[in-house]
Student: 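I am attaching a structure below and will ask some questions about it afterwards.
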Amino acid sequence: MSGIIKFAANRVWRTYQGGKLLDEMQKKACPADSSFPEDWIGSMVQATNAGREALSEGLSMITSESGELTPFKSLVLSEPDFYLGQGCEVEDVPLVKYLDSATRLHFQVHPSREFAKQRLGSSRGKTEAYVILAIRDDIQQPYIYAGFQRPPSRKQLKSWIEQQNIDEIEGCFDKIPVKPGDVFLIPGGRPHALGEGILMLEIMEPSDLAVRFEFERCGYVIPEAARFMNRDIETALDVFDFSPVTGESIDSTFRCSPELILDENGGNRLESLIDSHHTPCFRVRRATTKGIFSRRETSCFYGIVAEGCGMIKTENQSLMLNQWDRFFCPAGVEAFSYHSDQNMTVLECYPGGL
Ligand SMILES: O=P(O)(O)OC[C@H]1O[C@](O)(CO)[C@@H](O)[C@@H]1O
């Protein structure tokens, strides 16, 4: 395999409900919400699901040229210079997911990279970004929670967590309205919860580290080991950034506005959604094609077809792209072109810090 790789669905078990829209994308006979609300795209990260350790979840599998099912990660590691490019390590490549929530997710906070390195023996934290793709029809006011608008003291939060006083915890946040096309970056340390009825592309540092400080959602009780990353509550509290993100500073702290990189006369457009001035952890671009869009990228990336359909062509390959298709473009494939007469939009997710 020496070119662009398309991925099949890779559904992952989580503690919350959702995934009906992902079932629809997969053209399942009876789409329904379940405990598989996420699809990890070309993932090189193992999921951490307490009580399900015997199962291998998270890692994407691909069919090799000899017909064997192999982890995508093994293929990448067999030829890192071609797939990742020189100087890029597997840990530099973001974890990218479709996430489809039927219910509000539990309140959680992820470690920053520094915290993960210093305190958890992990090279990556979980700074994460959301590109909102769609909202369910029955949701009138879609929202996320992010950052404390009214930060509690550490002591107060500890007691609310111990007593599971979710009303008090929820009172620390304002609902942040979201709509398709919106982009948010949630740095490690910022507490958050995603609202119900949101389909998004989620891009994050490649880890599954989470402090879950709301222990029960919709009847599911999070096992103790999964609450504080198998550590104590003081360690969990150390993860939080308690500094306030007031109503007025929500947008400047979390929202990312697209920046135009290229606008060709014919209607092709390349925009930067997340760049190194937002975070060193990953980059995200949006390519819209009307006609033929010739591109050069020396870095590897995941491509996700968010709208429309068309083709991607290289010197040796010509692949159909339908809406919701996802692929990996190795660093060694520098020149490629998108072809579409329907404004095909591809979200491109790149490693950071290179
Ligand atoms: O607690 P769970 O069920 O693992 O779900 C956590 C989910 O929340 C997110 O961190 C989004 O906030 C996802 O990346 C992650 O999979």
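Note that the coordinates shown come from a computational prediction; the quantities given were computed from them, not determined experimentally.
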Student: Classify the side-chain pair S276/H278 by whether it contains a donor and acceptor separated by less than 3.5 Å.
Tutor: no
Student: With sequence neighbours left out, which residue pairs that include part of residues 170-183 fulfil the side chain to side chain donor-acceptor pair (under 3.5 Å) condition?
Tutor: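 Residue pairs passing side chain to side chain donor-acceptor pair (under 3.5 Å), neighbours aside: Y145-E170, R150-D174, K179-D182, D182-R255.
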Student: Whether the Q26 and R11 side chains hold a donor-acceptor pair (N or O, under 3.5 Å, no angle test) is what I'd like checked.
Tutor: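 Note: Q26 and R11 side chains meet the donor-acceptor criterion.
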Student: With no hydrogens and no angle check, is any side-chain donor or acceptor of T127 less than 3.5 Å from a backbone partner on G188?
Tutor: yes
Student: Side chain to side chain contact (heavy atoms under 4.5 Å, CB included), that's the test. Do R227 and V211 meet it? Break it down for me.
Tutor: CA-CA 6 Å; R227 294 176 186 172; V211 168; over 6 Å; no
Student: So, taking the atom named CG in L270 and the one named CG in L262, what distance separates them when rounded to the nearest 0.5 Å?
Tutor: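 Answer rounded to 0.5 Å: 6.0 Å.
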Student: Assess whether side chain to side chain contact (heavy atoms under 4.5 Å, CB included) is satisfied between K28 and C30, documenting all intermediate values.
Tutor: CA-CA 6 Å; K28 289 197 178 174; C30 299; over 6 Å; no
Student: How long is the span from the CG atom in L95 to the NZ atom in K97, to the nearest 0.5 Å?
Tutor: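 It comes to 5.0 Å.
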Student: Quick one: CZ on F336 to OG1 on T314, what's the gap to the nearest 0.5 Å?
Tutor: 10.0 Å
Student: Mind running salt bridge (Lys or Arg N to Asp or Glu O under 4.0 Å) on K20 and D33 for me, showing each step along the way?
Tutor: CA-CA 5 Å; K20 185 174 179 207; D33 289 315; over 6 Å; no
Student: Atom CG in D100, atom CG in L21: separation rounded to 0.5 Å?
Tutor: 4.0 Å
Student: Could you list the residues that satisfy side chain to side chain contact (heavy atoms under 4.5 Å, CB included) with P180, not counting sequence neighbours?
Tutor: I135
Student: Can you confirm whether I144 sits close enough to R104 that some side-chain heavy atom of one is under 4.5 Å from a side-chain heavy atom of the other?
Tutor: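 No - every pair of side-chain heavy atoms lies 4.5 Å or more apart.
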Student: If you look at every heavy atom in F242 and P151, which pair is closest and at what distance?
Tutor: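 Heavy atoms of F242 and P151 come nearest at O-CB, 3.1 Å.
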Student: Between E57 and N49, do the side chains contain an N or O donor and an N or O acceptor separated by less than 3.5 Å?
Tutor: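 Present: a donor and an acceptor within the cut-off.
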Student: So which atom in L347 and which in A306 form the shortest heavy-atom distance, rounded to 0.1 Å?
Tutor: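 Minimum heavy-atom separation between L347 and A306: CD1-CB, 3.9 Å.
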Student: For the rings on F107 and F215, is their centre-to-centre separation under 6.0 Å?
Tutor: no
Student: Could you report the tightest heavy-atom contact between Q164 and F213, atom names first, then the distance?
Tutor: NE2-O, 3.1 Å
Student: Does this structure show an ion pair linking E24 with K27, if we count only N-O contacts that are shorter than 4.0 Å?
Tutor: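 Looking at E24 and K27, the cut-off is not met.
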Student: Are R231 and D238 close enough for a salt bridge, meaning some N to O gap below 4.0 Å?
Tutor: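 No salt bridge links R231 with D238.
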Student: Identify the two heavy atoms, one from V245 and one from G147, that lie closest to each other, and give their separation to 0.1 Å.
Tutor: CG2-CA, 4.2 Å
Student: Taking 4.0 angstrom as the limit, do E271 and R269 come out as a salt bridge?
Tutor: yes
Student: Quick one: which of L201, L194, I203 gives a side-chain contact (heavy atoms from CB on, under 4.5 Å) with Y130?
Tutor: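 The option that passes is L194.
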Student: Quick check, are the ring centers of F301 and F328 under 6.0 angstrom apart?
Tutor: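 Judged by ring-centre distance (under 6.0 Å), F301 and F328 do not meet the cut-off.
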Student: For A116 and P111, work out which heavy atoms get closest and say how close.
Tutor: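 So the minimum-distance heavy-atom pair works out to N-CB, 4.3 Å.
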Student: I'd like to know if R124 and D208 make a salt bridge, using a cut-off of under 4.0 Å between side-chain N and carboxylate O.
Tutor: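 Salt bridge absent between R124 and D208.
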Student: I need the full list of side chain to side chain donor-acceptor pair (under 3.5 Å) pairs touching residues 315-333, with sequence neighbours left out, sorted by first then second residue.
Tutor: K6-D325, D39-R326
Student: Do the side chain of D275 and the main chain of H277 share a donor and acceptor less than 3.5 angstrom apart?
Tutor: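 A pair under 3.5 Å: no.
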Student: Less than 6.0 angstrom separating the ring centers of Y302 and F327, yes or no?
Tutor: no
Student: Have E348 and Y350 got a donor and an acceptor in their side chains that come within less than 3.5 Å?
Tutor: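 Looking only at side-chain atoms, Y350 and E348 do form a donor-acceptor pair, the distance falling under 3.5 Å.
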Student: Taking atom types as modelled, find out whether S207 and E205 have a side-chain donor-acceptor pair closer than 3.5 angstrom.
Tutor: no
Student: Would you say the side chains of S34 and Q17 form a donor-acceptor pair under 3.5 Å?
Tutor: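 No, no side-chain donor-acceptor pair sits under 3.5 Å.
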Student: Does a donor on one side chain and an acceptor on the other come within less than 3.5 Å for N343 and T288?
Tutor: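 The answer is no; no qualifying pair exists.
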Student: Do D23 side-chain atoms and A32 backbone N/O form a donor-acceptor pair below 3.5 Å?
Tutor: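 Checking the backbone N and O of A32 against the side chain of D23, a donor-acceptor pair under 3.5 Å is found.
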Student: Is the count of non-hydrogen atoms from other residues, nucleotides or ligands lying under 6.0 Å from D232 atom CG greater than 12?
Tutor: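 It does: D232 CG has more than 12 such atoms within range.
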Student: I'd like to know if the side chain of E38 pairs up with that of W40 as donor and acceptor (distance under 3.5 Å, no hydrogens or angles considered).
Tutor: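 Yes, W40 and E38 have a side-chain donor paired with an acceptor closer than 3.5 Å.
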Student: Roughly how far, to the nearest 0.5 Å, is the OG1 atom of T289 from the CE atom of M344?
Tutor: 4.5 Å
Student: Check whether any side-chain N or O of T63 sits under 3.5 Å from a backbone N or O of L69 as a donor-acceptor pair, and report yes or no.
Tutor: no
Student: Is a donor on one side and an acceptor on the other found under 3.5 Å between the side chain of E264 and the backbone of G267?
Tutor: no
Student: What distance separates S60 OG from N10 CG, expressed to the nearest 0.5 Å?
Tutor: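 Answer for the OG-CG pair, S60 versus N10, is 4.0 Å.
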Student: Check this for me, if you would: do E114 and R119 make a salt bridge, where the nitrogen-to-carboxylate-oxygen distance has to be below 4.0 angstrom?
Tutor: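 So E114 does not pair with R119 through a salt bridge.
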Student: Using every non-hydrogen atom in the two residues, find where F173 and A146 come nearest and quote the distance to one decimal.
Tutor: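 So the minimum-distance heavy-atom pair works out to CD2-N, 4.0 Å.
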Student: Taking the six-membered ring of F115, is the NZ or CZ of R113 close enough (under 6.0 Å from the centre) and on axis enough (within 45°)?
Tutor: no
Student: With side chain to side chain contact (heavy atoms under 4.5 Å, CB included) as the criterion, how do V93 and C88 come out once you've worked through the C-alpha distance, each side chain's angles and the decisive distance to 0.1 Å?
Tutor: CA-CA 8 Å; V93 179; C88 180; 4.3 Å; yes
Student: Could you tell me whether the side chains of T246 and S249 share a donor-acceptor contact shorter than 3.5 Å?
Tutor: yes
Student: Is it the case that H192 and E128 place a side-chain donor and acceptor less than 3.5 Å from each other?
Tutor: yes
Student: Below 4.0 angstrom, N of the basic side chain to O of the carboxylate: do E334 and R295 qualify?
Tutor: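 Looking at E334 and R295, the cut-off is not met.
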Student: May I have the step-by-step check of side chain to side chain contact (heavy atoms under 4.5 Å, CB included) for S112 and V239, ending in yes or no?
Tutor: CA-CA 8 Å; S112 64; V239 174; over 6 Å; no
